[in-house]
Protein chains: 2
Amino acid sequence: MPDSPTPGRRERKKAATRQAIADAALELFLEHGFDRVSVRDVAERADVSTTTLFAHFPSKEALVFDREQDVDAALAAAVRERPAGQGVVEALRAHALESWVPIVTDPRRAGFTALVGDTPALREYGERMWMRHADTLGGVIAEELGREPDDPACAALARFVLEVPALTTGRQDPRATVETVFDLLLHGWRAQAGPADPAADDPAD
Amino acid sequence: MPDSPTPGRRERKKAATRQAIADAALELFLEHGFDRVSVRDVAERADVSTTTLFAHFPSKEALVFDREQDVDAALAAAVRERPAGQGVVEALRAHALESWVPIVTDPRRAGFTALVGDTPALREYGERMWMRHADTLGGVIAEELGREPDDPACAALARFVLEVPALTTGRQDPRATVETVFDLLLHGWRAQAGPADPAADDPAD
DNA sequence: GCAGAAACTTGAACGGTTGCAGTTTCTGCC
DNA sequence: GGCAGAAACTGCAACCGTTCAAGTTTCTGC
(Lines give C-alpha, C1' and ligand atoms only; values in the text may rest on other atoms or scores of the structure.)
Protein backbone atom coordinates (compact mmCIF):
# COMPACT_ATOMS: atom_id res chain seq x y z
CA MET A 1 0.00 0.00 0.00
CA PRO A 2 2.80 2.50 0.60
CA ASP A 3 3.74 1.96 -3.00
CA SER A 4 3.42 5.68 -3.53
CA PRO A 5 4.60 7.08 -6.86
CA THR A 6 7.12 5.55 -9.21
CA PRO A 7 10.40 5.54 -7.28
CA GLY A 8 11.19 2.68 -4.94
CA ARG A 9 11.63 2.94 -1.23
CA ARG A 10 15.38 3.07 -1.57
CA GLU A 11 15.40 6.14 -3.75
CA ARG A 12 12.90 7.83 -1.50
CA LYS A 13 15.10 7.26 1.50
CA LYS A 14 18.09 8.50 -0.37
CA ALA A 15 16.26 11.66 -1.33
CA ALA A 16 15.13 12.10 2.26
CA THR A 17 18.68 11.80 3.53
CA ARG A 18 19.88 14.29 0.98
CA GLN A 19 17.15 16.69 1.96
CA ALA A 20 17.90 16.27 5.66
CA ILE A 21 21.53 17.13 5.01
CA ALA A 22 20.70 20.18 2.91
CA ASP A 23 18.18 21.42 5.50
CA ALA A 24 20.57 20.96 8.37
CA ALA A 25 23.28 22.74 6.44
CA LEU A 26 21.20 25.77 5.51
CA GLU A 27 19.86 26.04 9.03
CA LEU A 28 23.28 26.01 10.61
CA PHE A 29 24.86 28.26 7.99
CA LEU A 30 22.13 30.87 8.34
CA GLU A 31 22.44 30.82 12.10
CA HIS A 32 26.21 30.78 12.60
CA GLY A 33 27.71 31.65 9.25
CA PHE A 34 29.26 29.40 6.63
CA ASP A 35 32.80 29.58 7.93
CA ARG A 36 31.93 28.89 11.53
CA VAL A 37 30.13 25.65 10.78
CA SER A 38 32.14 22.57 9.94
CA VAL A 39 31.05 19.79 7.67
CA ARG A 40 31.12 17.50 10.66
CA ASP A 41 28.64 19.75 12.43
CA VAL A 42 26.26 19.50 9.50
CA ALA A 43 26.62 15.74 9.33
CA GLU A 44 25.93 15.38 13.02
CA ARG A 45 22.86 17.60 12.88
CA ALA A 46 21.53 15.56 9.97
CA ASP A 47 22.46 12.41 11.87
CA VAL A 48 24.67 10.95 9.18
CA SER A 49 28.40 10.38 8.85
CA THR A 50 30.57 12.86 6.99
CA THR A 51 31.29 10.13 4.48
CA THR A 52 27.59 9.91 3.70
CA LEU A 53 27.40 13.68 3.40
CA PHE A 54 30.08 13.67 0.75
CA ALA A 55 28.32 10.83 -1.03
CA HIS A 56 25.44 13.25 -1.65
CA PHE A 57 27.28 16.54 -2.15
CA PRO A 58 30.62 17.02 -3.84
CA SER A 59 31.77 19.82 -1.55
CA LYS A 60 30.80 21.95 1.39
CA GLU A 61 29.76 24.80 -0.87
CA ALA A 62 27.46 22.51 -2.83
CA LEU A 63 25.39 22.09 0.34
CA VAL A 64 24.14 25.63 -0.17
CA PHE A 65 23.28 25.45 -3.85
CA ASP A 66 20.98 22.53 -3.49
CA ARG A 67 18.22 23.32 -5.93
CA GLU A 68 19.97 24.93 -8.86
CA GLN A 69 20.69 22.00 -11.09
CA ASP A 70 18.52 22.44 -14.17
CA VAL A 71 19.98 25.81 -15.15
CA ASP A 72 21.45 24.19 -18.20
CA ALA A 73 18.13 22.91 -19.43
CA ALA A 74 16.31 26.15 -18.68
CA LEU A 75 18.83 28.20 -20.61
CA ALA A 76 18.78 25.87 -23.56
CA ALA A 77 15.00 25.90 -23.57
CA ALA A 78 14.85 29.68 -23.38
CA VAL A 79 16.94 29.86 -26.53
CA ARG A 80 15.44 26.97 -28.45
CA GLU A 81 11.79 27.61 -27.69
CA ARG A 82 11.83 31.35 -28.15
CA PRO A 83 8.91 32.94 -30.02
CA ALA A 84 9.20 33.03 -33.77
CA GLY A 85 11.04 36.10 -34.96
CA GLN A 86 12.66 36.75 -31.59
CA GLY A 87 16.41 36.94 -31.49
CA VAL A 88 18.65 34.82 -29.34
CA VAL A 89 19.85 37.75 -27.25
CA GLU A 90 16.33 38.98 -26.66
CA ALA A 91 15.23 35.54 -25.60
CA LEU A 92 18.05 35.42 -23.08
CA ARG A 93 17.18 38.87 -21.80
CA ALA A 94 13.59 37.80 -21.31
CA HIS A 95 14.75 34.71 -19.49
CA ALA A 96 16.99 36.77 -17.23
CA LEU A 97 14.18 39.14 -16.37
CA GLU A 98 11.61 36.42 -15.81
CA SER A 99 13.68 33.75 -14.11
CA TRP A 100 16.73 35.32 -12.51
CA VAL A 101 15.62 38.69 -11.25
CA PRO A 102 12.65 37.38 -9.26
CA ILE A 103 14.93 34.94 -7.45
CA VAL A 104 17.39 37.63 -6.45
CA THR A 105 14.69 40.05 -5.34
CA ASP A 106 12.48 37.51 -3.58
CA PRO A 107 12.27 38.74 0.03
CA ARG A 108 11.79 35.19 1.28
CA ARG A 109 15.30 34.46 0.05
CA ALA A 110 16.85 37.51 1.63
CA GLY A 111 18.65 35.43 4.24
CA PHE A 112 19.99 33.10 1.60
CA THR A 113 21.06 35.92 -0.66
CA ALA A 114 22.82 37.65 2.20
CA LEU A 115 24.57 34.42 3.17
CA VAL A 116 25.94 33.92 -0.32
CA GLY A 117 26.77 37.59 -0.80
CA ASP A 118 28.66 37.87 2.46
CA THR A 119 30.68 34.68 2.09
CA PRO A 120 33.46 34.99 -0.50
CA ALA A 121 33.80 31.25 -0.88
CA LEU A 122 30.11 30.96 -1.71
CA ARG A 123 30.12 33.90 -4.07
CA GLU A 124 32.95 32.44 -6.06
CA TYR A 125 31.43 29.01 -6.07
CA GLY A 126 28.15 30.43 -7.29
CA GLU A 127 29.76 32.35 -10.11
CA ARG A 128 31.76 29.33 -11.18
CA MET A 129 28.54 27.32 -11.11
CA TRP A 130 27.08 29.67 -13.67
CA MET A 131 30.16 29.68 -15.84
CA ARG A 132 30.17 25.93 -16.00
CA HIS A 133 27.19 26.19 -18.33
CA ALA A 134 29.03 28.42 -20.76
CA ASP A 135 29.99 25.65 -23.14
CA THR A 136 26.49 24.22 -23.22
CA LEU A 137 24.87 27.58 -23.83
CA GLY A 138 27.43 28.55 -26.44
CA GLY A 139 26.79 25.30 -28.24
CA VAL A 140 23.03 25.80 -28.24
CA ILE A 141 23.35 29.32 -29.56
CA ALA A 142 25.68 28.20 -32.30
CA GLU A 143 23.33 25.39 -33.21
CA GLU A 144 20.35 27.73 -33.42
CA LEU A 145 22.27 30.05 -35.70
CA GLY A 146 23.77 27.32 -37.84
CA ARG A 147 27.36 28.03 -36.89
CA GLU A 148 30.27 25.91 -35.84
CA PRO A 149 29.87 24.56 -32.29
CA ASP A 150 32.94 26.43 -31.11
CA ASP A 151 32.17 29.70 -32.85
CA PRO A 152 34.03 32.38 -30.88
CA ALA A 153 31.23 34.94 -31.00
CA CYS A 154 28.73 32.44 -29.63
CA ALA A 155 31.12 31.36 -26.89
CA ALA A 156 31.66 34.99 -25.97
CA LEU A 157 27.96 35.77 -25.92
CA ALA A 158 27.33 32.76 -23.68
CA ARG A 159 29.96 33.80 -21.16
CA PHE A 160 28.78 37.38 -21.17
CA VAL A 161 25.19 36.37 -20.52
CA LEU A 162 26.31 34.16 -17.67
CA GLU A 163 28.10 37.14 -16.14
CA VAL A 164 24.78 38.88 -15.70
CA PRO A 165 23.95 37.36 -12.31
CA ALA A 166 27.32 38.42 -10.98
CA LEU A 167 26.77 41.90 -12.35
CA THR A 168 23.35 42.31 -10.80
CA THR A 169 23.83 40.96 -7.29
CA GLY A 170 24.38 43.66 -4.76
CA ARG A 171 22.91 46.42 -6.89
CA GLN A 172 19.94 48.49 -5.92
CA ASP A 173 18.13 47.98 -9.22
CA PRO A 174 18.91 44.57 -10.71
CA ARG A 175 16.25 44.95 -13.37
CA ALA A 176 17.75 48.14 -14.78
CA THR A 177 21.22 46.59 -14.72
CA VAL A 178 20.00 43.61 -16.69
CA GLU A 179 18.50 45.95 -19.26
CA THR A 180 21.68 47.98 -19.54
CA VAL A 181 23.89 44.96 -19.99
CA PHE A 182 21.63 43.35 -22.53
CA ASP A 183 21.39 46.58 -24.49
CA LEU A 184 25.13 46.41 -24.86
CA LEU A 185 25.05 42.78 -25.92
CA LEU A 186 22.11 43.29 -28.25
CA HIS A 187 23.71 46.07 -30.25
CA GLY A 188 27.06 44.36 -30.37
CA TRP A 189 25.46 41.16 -31.49
CA ARG A 190 23.38 42.72 -34.22
CA ALA A 191 26.44 44.39 -35.63
CA GLN A 192 28.50 41.23 -35.78
CA ALA A 193 25.69 38.99 -36.99
CA GLY A 194 24.88 41.37 -39.83
CA PRO A 195 21.58 43.27 -39.97
CA ALA A 196 20.33 41.22 -42.89
CA ASP A 197 21.15 37.80 -41.51
CA PRO A 198 17.90 35.84 -41.62
CA ALA A 199 18.91 33.33 -38.96
CA ALA A 200 20.28 36.02 -36.71
CA ASP A 201 18.91 38.20 -34.06
CA ASP A 202 16.95 41.09 -35.49
CA PRO A 203 13.15 40.90 -35.41
CA ALA A 204 13.09 43.20 -38.42
CA ASP A 205 12.14 46.39 -36.69
CA MET B 1 64.16 54.71 -9.21
CA PRO B 2 62.06 52.65 -6.93
CA ASP B 3 64.25 49.76 -5.85
CA SER B 4 67.42 49.66 -7.90
CA PRO B 5 70.12 50.98 -5.54
CA THR B 6 70.51 48.89 -2.41
CA PRO B 7 67.83 46.30 -1.82
CA GLY B 8 69.64 45.21 1.34
CA ARG B 9 70.85 41.78 2.14
CA ARG B 10 67.69 40.84 3.94
CA GLU B 11 65.39 41.65 1.06
CA ARG B 12 67.71 39.92 -1.35
CA LYS B 13 67.59 36.76 0.73
CA LYS B 14 63.86 36.99 0.96
CA ALA B 15 63.57 37.33 -2.79
CA ALA B 16 65.93 34.42 -3.25
CA THR B 17 63.84 32.23 -0.97
CA ARG B 18 60.71 33.19 -2.80
CA GLN B 19 62.32 32.42 -6.11
CA ALA B 20 63.61 29.09 -4.88
CA ILE B 21 60.11 28.14 -3.81
CA ALA B 22 58.55 29.21 -7.11
CA ASP B 23 61.22 27.38 -9.11
CA ALA B 24 60.84 24.21 -7.11
CA ALA B 25 57.09 24.38 -7.47
CA LEU B 26 57.07 24.88 -11.23
CA GLU B 27 59.66 22.17 -11.71
CA LEU B 28 57.70 19.63 -9.70
CA PHE B 29 54.35 20.62 -11.16
CA LEU B 30 55.59 20.37 -14.73
CA GLU B 31 57.13 16.99 -14.03
CA HIS B 32 54.43 15.26 -11.99
CA GLY B 33 51.32 17.39 -12.39
CA PHE B 34 49.81 19.91 -10.04
CA ASP B 35 47.55 17.49 -8.20
CA ARG B 36 50.20 14.88 -7.60
CA VAL B 37 52.58 17.27 -5.87
CA SER B 38 51.85 18.34 -2.32
CA VAL B 39 52.78 21.65 -0.80
CA ARG B 40 55.07 19.78 1.54
CA ASP B 41 56.90 18.33 -1.43
CA VAL B 42 57.51 21.79 -2.81
CA ALA B 43 58.68 23.09 0.52
CA GLU B 44 61.08 20.21 0.97
CA ARG B 45 62.53 20.61 -2.51
CA ALA B 46 63.04 24.33 -1.86
CA ASP B 47 64.51 23.43 1.52
CA VAL B 48 62.11 25.53 3.57
CA SER B 49 59.26 24.76 5.91
CA THR B 50 55.69 24.79 4.70
CA THR B 51 55.06 27.69 7.04
CA THR B 52 57.69 29.71 5.22
CA LEU B 53 56.17 28.75 1.91
CA PHE B 54 52.83 30.16 2.95
CA ALA B 55 54.54 33.28 4.22
CA HIS B 56 55.53 33.98 0.61
CA PHE B 57 52.50 32.66 -1.28
CA PRO B 58 48.90 32.84 -0.17
CA SER B 59 47.92 29.49 -1.65
CA LYS B 60 49.19 26.50 -3.58
CA GLU B 61 47.78 27.87 -6.82
CA ALA B 62 49.59 31.15 -6.31
CA LEU B 63 52.87 29.25 -6.63
CA VAL B 64 52.17 28.92 -10.33
CA PHE B 65 51.15 32.49 -11.08
CA ASP B 66 54.33 34.00 -9.78
CA ARG B 67 54.91 36.93 -12.08
CA GLU B 68 51.48 38.28 -12.89
CA GLN B 69 50.99 40.95 -10.28
CA ASP B 70 50.83 44.32 -12.03
CA VAL B 71 47.91 43.49 -14.28
CA ASP B 72 45.86 46.11 -12.52
CA ALA B 73 48.31 48.87 -13.25
CA ALA B 74 48.83 47.81 -16.86
CA LEU B 75 45.10 47.79 -17.55
CA ALA B 76 44.55 51.15 -15.95
CA ALA B 77 47.48 52.59 -17.88
CA ALA B 78 46.21 51.17 -21.17
CA VAL B 79 42.94 53.00 -20.65
CA ARG B 80 44.25 56.23 -19.17
CA GLU B 81 47.20 56.74 -21.47
CA ARG B 82 45.51 55.81 -24.71
CA PRO B 83 46.22 57.98 -27.76
CA ALA B 84 44.06 61.06 -28.12
CA GLY B 85 40.86 60.29 -29.98
CA GLN B 86 41.06 56.57 -29.29
CA GLY B 87 38.12 54.99 -27.55
CA VAL B 88 38.29 53.00 -24.35
CA VAL B 89 37.30 49.74 -25.97
CA GLU B 90 39.82 50.15 -28.74
CA ALA B 91 42.54 50.86 -26.23
CA LEU B 92 41.66 47.66 -24.39
CA ARG B 93 41.66 45.72 -27.62
CA ALA B 94 45.08 47.03 -28.48
CA HIS B 95 46.30 46.11 -25.03
CA ALA B 96 44.91 42.61 -25.38
CA LEU B 97 46.59 42.12 -28.74
CA GLU B 98 49.90 43.55 -27.66
CA SER B 99 50.20 42.23 -24.12
CA TRP B 100 48.05 39.15 -23.72
CA VAL B 101 48.18 37.33 -27.01
CA PRO B 102 51.99 37.15 -27.16
CA ILE B 103 52.06 35.56 -23.74
CA VAL B 104 49.60 32.86 -24.63
CA THR B 105 51.25 32.07 -27.95
CA ASP B 106 54.84 32.18 -26.70
CA PRO B 107 56.24 28.72 -27.47
CA ARG B 108 58.61 28.97 -24.55
CA ARG B 109 55.61 28.95 -22.28
CA ALA B 110 53.96 25.98 -23.91
CA GLY B 111 54.59 23.76 -20.91
CA PHE B 112 53.26 26.35 -18.55
CA THR B 113 50.19 26.98 -20.69
CA ALA B 114 49.48 23.28 -20.92
CA LEU B 115 49.86 22.89 -17.16
CA VAL B 116 47.34 25.59 -16.45
CA GLY B 117 45.00 24.48 -19.20
CA ASP B 118 44.96 20.88 -18.07
CA THR B 119 44.46 21.54 -14.38
CA PRO B 120 40.94 22.70 -13.54
CA ALA B 121 42.00 24.18 -10.22
CA LEU B 122 44.59 26.32 -11.96
CA ARG B 123 42.29 27.38 -14.76
CA GLU B 124 39.69 28.56 -12.30
CA TYR B 125 42.25 30.29 -10.15
CA GLY B 126 43.65 32.06 -13.17
CA GLU B 127 40.26 33.24 -14.31
CA ARG B 128 39.38 34.46 -10.84
CA MET B 129 42.72 36.27 -10.78
CA TRP B 130 41.64 38.24 -13.80
CA MET B 131 38.17 38.90 -12.50
CA ARG B 132 39.56 40.32 -9.30
CA HIS B 133 40.57 43.38 -11.32
CA ALA B 134 37.05 43.95 -12.58
CA ASP B 135 36.20 46.59 -10.00
CA THR B 136 39.42 48.49 -10.59
CA LEU B 137 39.05 48.46 -14.35
CA GLY B 138 35.38 49.36 -14.19
CA GLY B 139 36.21 52.30 -11.97
CA VAL B 140 38.93 53.56 -14.29
CA ILE B 141 36.64 53.33 -17.30
CA ALA B 142 33.90 55.19 -15.49
CA GLU B 143 36.34 57.83 -14.40
CA GLU B 144 37.64 58.33 -17.93
CA LEU B 145 34.11 58.74 -19.20
CA GLY B 146 32.91 60.93 -16.37
CA ARG B 147 30.35 58.49 -15.05
CA GLU B 148 29.45 57.21 -11.62
CA PRO B 149 32.07 54.81 -10.25
CA ASP B 150 29.56 51.97 -10.14
CA ASP B 151 28.02 52.61 -13.54
CA PRO B 152 26.56 49.26 -14.64
CA ALA B 153 27.66 49.55 -18.25
CA CYS B 154 31.25 50.23 -17.22
CA ALA B 155 31.20 47.35 -14.76
CA ALA B 156 29.85 45.08 -17.47
CA LEU B 157 32.43 46.19 -20.00
CA ALA B 158 35.21 45.57 -17.50
CA ARG B 159 34.04 42.05 -16.72
CA PHE B 160 33.58 41.26 -20.39
CA VAL B 161 37.06 42.44 -21.29
CA LEU B 162 38.49 40.34 -18.48
CA GLU B 163 36.74 37.30 -19.93
CA VAL B 164 38.84 37.59 -23.06
CA PRO B 165 41.78 35.55 -21.76
CA ALA B 166 39.42 32.75 -20.78
CA LEU B 167 37.83 32.91 -24.22
CA THR B 168 41.10 32.74 -26.11
CA THR B 169 42.98 30.01 -24.27
CA GLY B 170 42.78 26.69 -26.00
CA ARG B 171 41.82 28.11 -29.36
CA GLN B 172 43.78 27.70 -32.53
CA ASP B 173 43.69 31.39 -33.42
CA PRO B 174 43.68 33.56 -30.30
CA ARG B 175 44.24 36.72 -32.28
CA ALA B 176 41.14 36.25 -34.40
CA THR B 177 39.11 35.42 -31.32
CA VAL B 178 40.22 38.62 -29.65
CA GLU B 179 39.17 40.58 -32.71
CA THR B 180 35.78 38.90 -32.86
CA VAL B 181 35.03 39.48 -29.20
CA PHE B 182 36.13 43.08 -29.28
CA ASP B 183 34.07 43.71 -32.39
CA LEU B 184 31.05 42.65 -30.41
CA LEU B 185 31.98 44.85 -27.48
CA LEU B 186 32.89 47.80 -29.67
CA HIS B 187 29.58 47.94 -31.48
CA GLY B 188 27.57 47.35 -28.35
CA TRP B 189 29.49 50.03 -26.55
CA ARG B 190 29.16 52.61 -29.27
CA ALA B 191 25.42 52.08 -29.34
CA GLN B 192 24.95 52.51 -25.63
CA ALA B 193 27.40 55.40 -25.28
CA GLY B 194 25.73 57.32 -28.07
CA PRO B 195 27.46 57.95 -31.39
CA ALA B 196 27.85 61.63 -30.67
CA ASP B 197 29.25 61.35 -27.18
CA PRO B 198 32.49 63.34 -27.22
CA ALA B 199 34.06 61.54 -24.28
CA ALA B 200 33.00 58.17 -25.57
CA ASP B 201 34.48 55.66 -27.84
CA ASP B 202 34.24 56.67 -31.43
CA PRO B 203 37.39 58.07 -33.04
CA ALA B 204 35.13 59.78 -35.58
CA ASP B 205 36.65 58.19 -38.61
C1' DG C 1 76.90 47.12 19.60
C1' DC C 2 72.33 46.72 20.86
C1' DA C 3 67.15 46.68 20.49
C1' DG C 4 63.95 45.19 17.74
C1' DA C 5 62.05 43.77 13.49
C1' DA C 6 61.82 40.41 10.11
C1' DA C 7 62.66 35.81 8.19
C1' DC C 8 62.56 31.42 9.35
C1' DT C 9 61.76 27.00 11.97
C1' DT C 10 59.42 23.22 14.42
C1' DG C 11 55.37 21.12 15.76
C1' DA C 12 50.84 20.81 16.22
C1' DA C 13 46.44 21.48 14.97
C1' DC C 14 41.99 22.37 12.25
C1' DG C 15 38.74 21.55 8.57
C1' DG C 16 37.64 19.67 3.95
C1' DT C 17 37.98 15.50 1.55
C1' DT C 18 38.91 10.63 0.36
C1' DG C 19 39.81 5.63 0.92
C1' DC C 20 38.82 1.39 3.10
C1' DA C 21 36.60 -2.32 5.26
C1' DG C 22 32.55 -3.63 7.12
C1' DT C 23 27.31 -3.40 8.22
C1' DT C 24 22.59 -2.67 7.12
C1' DT C 25 18.84 -2.19 3.94
C1' DC C 26 16.58 -2.61 -0.15
C1' DT C 27 15.65 -4.82 -4.94
C1' DG C 28 15.44 -8.17 -8.64
C1' DC C 29 14.99 -12.66 -9.60
C1' DC C 30 14.61 -17.69 -9.19
C1' DG D 1 9.79 -17.06 0.20
C1' DG D 2 14.37 -16.56 0.03
C1' DC D 3 18.72 -15.42 -1.68
C1' DA D 4 22.56 -12.80 -4.26
C1' DG D 5 24.06 -8.65 -4.95
C1' DA D 6 23.78 -3.74 -5.27
C1' DA D 7 23.44 0.38 -2.93
C1' DA D 8 23.29 3.32 1.19
C1' DC D 9 25.45 3.98 5.09
C1' DT D 10 29.01 3.74 9.01
C1' DG D 11 33.37 4.44 11.61
C1' DC D 12 37.91 5.33 11.26
C1' DA D 13 42.07 6.75 9.65
C1' DA D 14 44.56 9.31 6.62
C1' DC D 15 46.00 13.09 3.37
C1' DC D 16 46.18 17.75 2.13
C1' DG D 17 45.95 22.74 2.31
C1' DT D 18 46.28 26.09 5.64
C1' DT D 19 47.04 28.42 10.06
C1' DC D 20 48.62 29.15 14.77
C1' DA D 21 51.86 29.50 18.67
C1' DA D 22 56.19 29.89 20.34
C1' DG D 23 60.79 30.01 19.77
C1' DT D 24 65.42 30.79 16.98
C1' DT D 25 68.38 33.04 13.82
C1' DT D 26 69.69 36.92 11.00
C1' DC D 27 69.74 41.39 9.56
C1' DT D 28 69.01 46.64 10.09
C1' DG D 29 68.77 51.28 12.13
C1' DC D 30 70.41 54.02 15.43
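In what follows, chains carry the letters A, B, and so on, assigned in the order in which the sequence lines appear, proteins first and then strands, with residues in each chain numbered from 1.
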Visitor: Looking at A:S59, does any N or O in its side chain come under 4.0 Å of the phosphate oxygens OP1/OP2 on C:dG16?
Guide: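 For A:S59, the contact criterion (side-chain N or O under 4.0 Å from OP1 or OP2 of C:dG16) is not met.
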Visitor: Identify which nucleotide among D:dA14, D:dT10, D:dC16 has an atom closest to any side-chain atom of A:R40, counting heavy atoms from C-beta outward.
Guide: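 The nucleotide sitting nearest to the side chain is D:dA14.
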Visitor: Looking at C:dC8, I'd like to know if its phosphate oxygens (OP1 or OP2) sit under 4.0 Å from a side-chain N or O belonging to B:H56.
Guide: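 Looking at the OP1 and OP2 atoms of C:dC8, one of them is under 4.0 Å from a side-chain N or O of B:H56.
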Visitor: When all nucleic acid strands are considered with a 4.0 Å heavy-atom cut-off, which category describes A:S38: base, sugar-phosphate, or nothing?
Guide: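 The residue A:S38 makes sugar-phosphate contact but no base contact.
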Visitor: Just call it for A:V42: base, sugar-phosphate, or nothing, with non-hydrogen atoms closer than 4.0 Å on any strand.
Guide: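 Nothing, no heavy atom under 4.0 Å.
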Visitor: To the nearest Å, how far apart are A:Y125 OH and C:dG16 P?
Guide: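 In whole Å, C:dG16 P lies 14 Å from A:Y125 OH.
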Visitor: Could you check how far CZ of B:F29 sits from C1' of D:dG17, rounded to whole Å?
Guide: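 Distance, rounded to whole Å: 12 Å.
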Visitor: Heavy-atom count check: over 12 atoms from other residues, nucleotides or ligands less than 6.0 Å from B:E179 CD?
Guide: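 Counting other residues, nucleotides and ligands, CD of B:E179 exceeds 12 neighbours.
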Visitor: Starting at CD of B:E44 and ending at P of C:dT9, how long is that distance when rounded to a whole Å?
Guide: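 These atoms are roughly 13 Å apart.
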Visitor: Touch check for B:D47, heavy atoms < 4.0 angstrom, all strands: base, sugar-phosphate only, or nothing?
Guide: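 Counting heavy atoms under 4.0 Å across all strands, the contact made by B:D47 is with sugar-phosphate only.
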Visitor: If we ignore hydrogens and angles and just use 3.5 Å, is the side chain of B:R82 paired with the main-chain N or O of B:Q86 as donor and acceptor?
Guide: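 Checked: pair present.
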Visitor: May I have the distance from B:I21 (atom CD1) to D:dG17 (atom C1'), rounded to whole angstrom?
Guide: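 The answer, rounded to whole Å, is 15 Å.
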Visitor: Show me the pairs that pass side-chain hydrogen bond (donor to acceptor under 3.5 Å, both in side chains) and involve residues 17-40 of chain B, at least two apart or across chains.
Guide: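 For residues 17-40 of chain B: B:R18-B:D66, B:Q19-B:D23, B:E27-B:R45, B:S38-B:D41.
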Visitor: When you measure from the side chain of A:F54, which nucleotide among D:dT10, C:dG16, D:dG17 comes out closest?
Guide: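 Closest nucleotide among those given: C:dG16.
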Visitor: Does the side chain of B:T52 get closer than 4.0 angstrom to OP1 or OP2 of C:dC8 through an N or O atom?
Guide: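 The answer is no; no side-chain N or O of B:T52 sits under 4.0 Å from OP1 or OP2.
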Visitor: Need the pair for D:dA7. Rule: Watson-Crick or G-U wobble, both distances under 3.5 Å, any strand; none if unpaired.
Guide: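 Result: C:dT24.
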Visitor: Using a cut-off of less than 4.0 Å, is there contact between a side-chain N or O of A:K13 and OP1 or OP2 of C:dT25?
Guide: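 So the side chain of A:K13 is outside the cut-off, no N or O lying under 4.0 Å from OP1 or OP2 of C:dT25.
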Visitor: Can a donor-acceptor pair be found between the side chains of B:S49 and B:T52 at a distance below 3.5 Å?
Guide: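 Yes, side-chain donor-acceptor contact under 3.5 Å.
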Visitor: Cation-pi check, A:K60 to A:F54: give yes when NZ or CZ is under 6.0 Å from the six-membered ring centre and within 45° of the ring axis, no otherwise.
Guide: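 Not flagged: A:K60 not positioned over aromatic ring of A:F54.
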Visitor: For B:T51, report the nucleic acid contact type (base, sugar-phosphate, nothing); a contact means any heavy atom under 4.0 Å.
Guide: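 Answer is base: heavy atoms of B:T51 come under 4.0 Å of a base.
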Visitor: Identify the nucleotide, in any strand shown, that forms a Watson-Crick or G-U wobble pair with D:dC30, with both distances under 3.5 Å; if there is none, say none.
Guide: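 The answer is C:dG1, by the H-bond criterion.
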